[in-house]
Amino acid sequence: MQAQVQESIYHPQDHSLASRIEALKIVLQEKRNIELSLELMANPEWSERLGSTEELQQAHSLISNSLEQAIHKISDKDLTLAKEQQLLDNTLLREIKFTKAQTSIKQQRQSHESFSHQHSKSDK
């Protein structure tokens, strides 16, 4: 199984809220799938069917990057509107909000680490 190299799997058909939400749902489903696949790698029956660990890790990275991209394209206001338009149920809305919070924390942590690293170099 040859993995295709792409930057993202987040591809809404247009800029409408419905299209962006549907594309985000696809990315979230793929995130669940790859996480399950990574868990199943320890099972010999499944590991032969799933591809190599490297392929799964590459897929995980691609999906994680896609999810971050998708999260940036959906505002809190968009989420409220999507809920009102019944594009999202409560469970999916909570999952998206949780993911948005995780992404924000990750970015803050990376920014802080980058800042600390740059200043530790200048102090020497």
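The analysis underlying the following values was restricted to heavy atoms, covering all of them including side chains, and did not include hydrogens, waters or symmetry mates.
Separating the CD1 atom in Ile74 from the CD1 atom in Ile21 is a distance of 4.0 Å, to the nearest 0.5 Å. Distance CD/Gln29 to CG/Leu24: 12.0 Å, rounded to 0.5 Å. With rounding to the nearest 0.5 Å, the separation of CD1 in Ile9 from NZ in Lys31 is 12.0 Å. Considering OG of Ser64 and CD of Gln69, their distance stands at 12.5 Å, rounded to 0.5 Å. A distance of 10.0 Å separates NE2 in His11 from CD1 in Ile26, rounded to the nearest 0.5 Å.
Using a 4.5 Å heavy-atom cutoff, the side chains of Leu88 and Lys25 are in contact.
In terms of modelled atom types and a separation under 3.5 Å, the side chain of Ser66 and the main chain of Leu62 share a donor-acceptor contact. Distance alone, capped at 3.5 Å, places no donor-acceptor pair between the Ser19 side chain and the His15 backbone.
Pairs of residues two or more places apart, or lying in two chains, never qualify as salt bridge (Lys or Arg N to Asp or Glu O under 4.0 Å) while including a residue from residues 8-19. Note on residues 73-90: pairs passing salt bridge (Lys or Arg N to Asp or Glu O under 4.0 Å), not counting sequence neighbours, are Arg20-Asp78. Identified under the salt bridge (Lys or Arg N to Asp or Glu O under 4.0 Å) test for residues 93-104, with sequence neighbours left out: Arg32-Glu95.
With sequence neighbours excluded, the residues forming a side chain to side chain donor-acceptor pair (under 3.5 Å) with Glu68 are Lys106, listed by chain and number. Residues passing the side chain to side chain donor-acceptor pair (under 3.5 Å) test with His60: none are found, sequence neighbours excluded. Scored by the side-chain contact (heavy atoms from CB on, under 4.5 Å) test, Ala18 finds Ser16, Leu87 as partners (sequence neighbours excluded). Glu54 is linked by a side chain to side chain donor-acceptor pair (under 3.5 Å) to Gln58, counting only residues two or more places apart in sequence or in another chain. In this structure Gln85 satisfies the side chain to side chain donor-acceptor pair (under 3.5 Å) test with no other residue, sequence neighbours excluded.
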Between His72 and Thr103, does the side chain to side chain contact (heavy atoms under 4.5 Å, CB included) criterion hold? Intermediate values first, please. CA-CA 9 Å; His72 288 296; Thr103 301; 4.3 Å; yes
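Closest approach of Tyr10 and Ala23 over heavy atoms only: CE1-CB, 3.5 Å.
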N/O donor-acceptor pairs under 3.5 Å from side chains in residues 34-45, not counting sequence neighbours:
unit_1, atom_1, unit_2, atom_2, d
Ser37, OG, Asn33, O, 3.0
Asn43, OD1, Glu45, N, 2.9

